[in-house]
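Order of appearance sets the numbers: ligands from 1, and atoms from 1 within every ligand.
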Amino acid sequence: MNATAEVPAGAAGQSWQRRWRESVMDTYGTPPLTLVSGHGADVVDADGRTYLDMVAGIAVNALGHAHPAVVEAVTRQVSTLGHTSNLVVNPRAVELAERLLALAGRDGRVFFCNSGAEATEAALKIARRTGRPGVVTAAGSFHGRTTGALALTGQPAKRAPFTPLIGDVSYVPYGDVEALRAATGPRTSAVLLEPVQGEGGVVPAPAGYLAAAQEVAEDAGALFVLDEVQTGVGRTGSWFAYQQDEVAPDVVTLAKGLGGGLPIGAVLAFGPAAALLTPGQHGSTFGGNPVSCAAALAVLDTIETENLLARAHDLGADLTTSMLALGHPLLHGVRGRGLLLAMVLARPLAHEVELAMRGRGVLVNAIASDVVRIAPPLILTDAQAHAFVTALALALDDASDASAATDATPATEAQPAAGALSAAQAPR
Ligand SMILES: Cc1ncc(COP(=O)(O)O)c(C=O)c1O
């Protein structure tokens with residue numbers, strides 16, 4: 001069989017896919033895989049096949065699957081007090097807020113919600129409270145699917161079916177300081193950026209860009225807001241990716257990795273920005289619920305005790321070096337930070353690479369026609385990293401062979417993408 005053809009699900013998987021098609025709204029298409037269990041960086045499908053999970057629920061399962069610290073914290077909390085609402089003080093939320101502020105090393109306040117999009121919405125409402133109408137964000141950005149977050153998302157195709165959305169949003173080329181300066185002025189409430197554009201193809205901010213963006217925002221009297229939904233909580237090798245750029249945002253959003261698989265979002269606001277929302281202006285029934293907060297506290301504890309920040313940094317560098325050392329003609333470069341990485345292909349064969357990897361028992365994510373993302377659990381072992389690289393060498397061959405057989409056209413998007421390392425630039 002063609003190594004880049006989808007391996008058909010077994011009987012159990014097919015049955016779940018049929019039931020999904022008939023009952024779950026068709027916003028995702030029908031996924032090719034049904035997962036029923038996981039342990040560490042391994043997941044098992046409905047037919048008993050095991051995969052190495054290099055996607056981690058899209059940068060969510062920072063500690064992998066069924067990590068004992070998360071299981072224990074959630075079990076203890078849900079059997080003690082599962083939900084309270086925000087009509088009462090919830091100690092786990094207080095502890096988590098204190099902890100996040102301590103990790104940021106600054107005084108501020110935290111608002112808890114349940115997802116990345118909700119965190120963007122809260123940040124937008126904070127920005128609105130400045131009394132200014134405009135937001136400047138980046139082309140190619142992704143900030144979520146709710147209508148406010150979508151309005152701020154610099155991907156026209158995602159916005160188009162839902163216009164009109166809130167107006168007064170400028171989308172400037174990511175990394176272009178002068179464009180940012182030109183778009184930012186007295187009407188700007190906030191400059192909103194991702195330290196690494198995740199959904200946009202794992203594009204890291206060029207050196208100095210975030211610092212310049214902070215200055216642009218400050219000069220205009222606007223808030224400097226960083227969306228760390230994908231990059232936060234250790235994913236890039238520091239608690240917050242912005243800490244590597246030595247900037248001081250007014251507002252930071254988190255979600256994904258924070259709950260280690262439990263749904264939670266957080267907005268950290270510092271200085272005067274922390275007081276812009278006042279009682280009655282925002283809220284969430286589930287936001288900061290004790291169970292998700294207990295999970296998040298366990299995630300933060302484990303990252304600290306298992307030294308996973310350094311691990312994310314070092315393993316990301318090792319993986320980059322190993323991928324580039326393959327010297328495969330289809331692998332044009334590798335970019336990203338820590339364990340948020342992308343393989344930039346020389347041809348638009350990302351989907352084929354994803355399929356070939358799945359056929360070889362490894363989950364990766366084709367995020368653009370020529371870009372394959374990996375965001376593995378931070379607890380990935382050296383042996384698992386090695387297994388990934390071994391499978392990749394074979395999958396790149398599979399995809400190249402399949403494309404040769406079908407006379408593939410050259411990539412139009414496979415430019416030497418921003419921030420991509422070539423073999424000569426592999427990290428040491
Ligand atoms: C940077 C960023 N912001 C916001 C979101 C939206 O998060 P959620 O899907 O939890 O709403 C995402 C999701 O991919 C993201 O990567």
Side-chain angles (χ1 to χ4, degrees), residues 25 27-28 31 55-62 111-127 135 137-155 157-159 162 165 169 171 174-175 190-205 209-210 213 224-236 240-242 245 249 251-268 284 286-289 292 295-296 299 335-342 365-368 371 373-376 419:
M25 197 174 288
T27 61
Y28 304 102
V55 182
I58 317 184
V60 166
N61 300 301
F111 175 80
F112 288 116
C113 51
N114 311 284
S115 67
E118 284 178 70
T120 305
E121 292 291 335
L124 178 59
K125 286 180 77 173
I126 291 172
V135 179
T137 175
S141 63
F142 185 80
H143 300 292
R145 301 278 195 165
T146 55
T147 52
L150 189 59
L152 306 181
T153 288
Q155 300 190 34
K158 290 194 169 64
R159 294 196 308 269
F162 304 100
L165 294 162
V169 184
Y171 313 94
Y174 188 65
V191 169
L192 168 65
L193 296 168
E194 295 159 88
V196 178
Q197 287 195 328
E199 299 306 297
V202 189
V203 180
Y209 178 58
L210 295 184
F224 179 48
V225 184
L226 290 179
D227 181 339
E228 293 244 20
V229 165
Q230 189 153 159
T231 53
V233 198
R235 167 82 24 214
T236 70
F240 306 93
Y242 77 77
D245 292 86
V251 177
V252 177
T253 57
L254 298 175
K256 288 188 181 285
L258 181 58
L262 275 284
I264 184 167
V267 181
L268 282 61
S284 164
F286 291 113
N289 72 82
S292 293
V299 168
R335 67 187 175 205
R337 275 204 213 163
L339 286 176
L340 179 58
L341 294 172
N365 172 226
I367 197 167
V371 182
R373 170 174 55 182
I374 58 168

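Looking at residues two or more places apart in sequence or on another chain, you find a side chain to side chain donor-acceptor pair (under 3.5 Å) between Thr231 and Glu228. When the ring-ring contact (aromatic ring centres under 6.0 Å, His included) test is applied to Phe240, the partners found at least two apart in sequence or on another chain are Tyr242.
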query = Passes side chain to side chain contact (heavy atoms under 4.5 Å, CB included), Leu340 versus Val202? Steps please.
reply = CA-CA 7 Å; Leu340 179 58; Val202 189; 4.1 Å; yes

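Sorted by first then second residue, the side chain to side chain donor-acceptor pair (under 3.5 Å) pairs that include residues 259-268, not counting sequence neighbours, number zero.
For the residue pair Ser284 and Asn114, a side-chain donor N or O sits within less than 3.5 Å of a side-chain acceptor on the partner.
The contact shell of ligand 1, taken as protein residues with any non-hydrogen atom closer than 4.0 angstrom, comprises Ser115, Gly116, Ala117, Phe142, His143, Gly144, Glu194, Glu199, Asp227, Val229, Gln230, Lys256.
Nearest approach of Arg337 to Ala205, heavy atoms of both residues: NH2-O, 4.3 Å.
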